[in-house]
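See below for the structure under consideration.
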Protein chains: 2
Amino acid sequence: MKEFLRTKGFKMTPQRELIFRSFFEMEQHVSVDELYDKVRSIDRSIGYSTVWRNLKLICRVGLAQEVSMGDGITRYDRLTRVPHGHLFCLGCKKVIEFNADQIVGVLAQTAVENDFSNKGFKVEVQGFCAECRAKGAVDSFETESVS
Amino acid sequence: MKEFLRTKGFKMTPQRELIFRSFFEMEQHVSVDELYDKVRSIDRSIGYSTVWRNLKLICRVGLAQEVSMGDGITRYDRLTRVPHGHLFCLGCKKVIEFNADQIVGVLAQTAVENDFSNKGFKVEVQGFCAECRAKGAVDSFETESVS
DNA sequence: AGTGAAAATGAAAATCGTTTTCATTTAGAC
DNA sequence: GTCTAAATGAAAACGATTTTCATTTTCACT
């Protein structure tokens, strides 16, 4: 990883190493706060902005992408595994990943047809998971009034 | 529209009528600011929060959805036409819509497989449009340093 | 038409995640 | 070892979104 970053003009530091390692060890779709908490539990001296900047860096070098599901929080989605989409539960905010191989093919074709270079994609389905439907979260959501 | 809202427990007002009408007359993917400016050009007395609240209402009743492409601005995507995805140019921020019938089929199937109710979807491809590639925007983007 | 309860409005302030600033420290190329 | 650019941490700035609150308006029901 140090060498990987070096070729892109970035340096390695103890903080960066911890942040990167923690990010790739954590569950998918962490927020800045979540990663900050995790990193803080290991090294209390690391600043919030350092965590934030390193998440941006991880995206910059192509290892993750920012995703926003609708609550105002930016999450970071690792791109180191198979192409995937997200099922986002409007009730409990849980995210389920699904394989997107088939869709990726369609999108690649679409990009070509529109003379667009394809640098990445996001596919999200919003709905309610089985548990939330069982709890009746659907109804409370739909009849909720505007603030 | 007045009757449609009434059945959902909302009232019609002159401001709301103007905001709704303007929204559906404008181009796709307007921001709060853009709609506010438009509405303001017709009625200077309408407040920002009224515009904001009514955009939320339009989403609430299922006529639009919020989308965020990566710049920090929430845009409102009408759902009154055919299902579509977005090609988002990382250079000029332009959005091109494409038909998503094929993908919708896949997503519906995916939702069923995961015991998920399907309330909506978002499909976005990030890349560079032909013009931005011609201008070399791709390179300047990729070599841009982290702040 | 009149009345009352609930909803809507407008202005201003609050909120809160994100981003920048700046002084200082550190990495790593030479 | 030295030097320069990059990285860090704390704090402040930023800015879009959301809420508050006093007032006005809609509309269901007399």
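Here is how names work: the chains are called A, B, and so on, in the same order as the sequence lines, proteins then strands, and each is numbered from 1.
Electrostatic pairing of E17(A) and K2(A) does not count as a salt bridge here, judged by no charged N lying under 4.0 Å from a carboxylate O.
A chain of hydrophobic side-chain contacts below 4.5 Å, direct or via other Ile, Leu, Val, Met, Phe, Trp or Tyr residues, connects Y76(B) to I46(B). Under a hydrophobic clustering in which Ile, Leu, Val, Met, Phe, Trp and Tyr are joined whenever their side-chain heavy atoms come within less than 4.5 Å, directly or via other members, L18(B) and F20(B) fall into the same cluster. Note on F10(B): it clusters hydrophobically with I19(B), by side-chain heavy-atom contacts below 4.5 Å among ILVMFWY residues.
To the nearest angstrom, C1' of dT23(D) lies 17 Å from CD1 of I46(B). The nearest whole Å value for the distance from the CD atom in E17(B) to the P atom in dT9(C) is 12 Å. Protein atom CE of M12(B) is 14 Å distant from nucleotide atom C1' of dT25(D), rounded to whole Å.
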When you compare the protein's N or O atoms with those of nucleotides 1-5 of chain D, which come within less than 3.5 Å of each other, and at what distance?
{"unit_1": "dA5(D)", "atom_1": "N3", "unit_2": "K11(A)", "atom_2": "NZ", "d": "2.9"}

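Summary of the strand contacts: D33(B) and R44(A) both lie near DNA chain D, and taking for each the nucleotide with the nearest heavy atom, the more 5' one is attributed to R44(A).
Note on K56(A): a side-chain N or O is less than 4.0 Å away from OP1 or OP2 of dT19(C). Side-chain nitrogen and oxygen atoms of S49(A) include none within less than 4.0 Å of the OP1 or OP2 phosphate oxygen of dA10(D). Dashed line: the shortest gap from a side-chain N or O of R6(B) to OP1 or OP2 of dC27(D) is not under 4.0 Å. Within the structure, every side-chain polar atom (N or O) of T13(A) is placed at least 4.0 Å from both OP1 and OP2 of dT26(C). In this model, the phosphate group of dA8(C) is not approached by any side-chain N or O of Q15(B) to a distance below 4.0 Å at OP1 or OP2. Between T74(B) and the phosphate of dA16(D), there is no side-chain N or O to OP1/OP2 separation shorter than 4.0 Å. For dA7(D), neither phosphate oxygen OP1 nor OP2 lies less than 4.0 angstrom from any side-chain nitrogen or oxygen of R53(A). In this structure, K2(B) does not reach the dT26(D) phosphate: none of its side-chain N or O atoms is under 4.0 Å from OP1 or OP2.
Every residue meeting the ring-ring contact (aromatic ring centres under 6.0 Å, His included) condition with Y48(A), not counting sequence neighbours, appears here in chain and number order: Y36(A).
The salt bridge (Lys or Arg N to Asp or Glu O under 4.0 Å) with R75(A) is formed by just one residue from the set E124(A), E27(A), E34(A), E66(A); it is E34(A).
If you check every strand for non-hydrogen atoms under 4.0 Å, N54(B) touches sugar and phosphate atoms only. At a threshold of 4.0 angstrom between heavy atoms, the contacts of S31(B) with the nucleic acid are absent.
Here dT18(C) is the nucleotide among dT18(C), dG9(D), dA16(D) with the atom lying nearest to any side-chain atom of W52(A).
Side chain of R16(B) to backbone of K11(B): a donor-acceptor contact under 3.5 angstrom is found.
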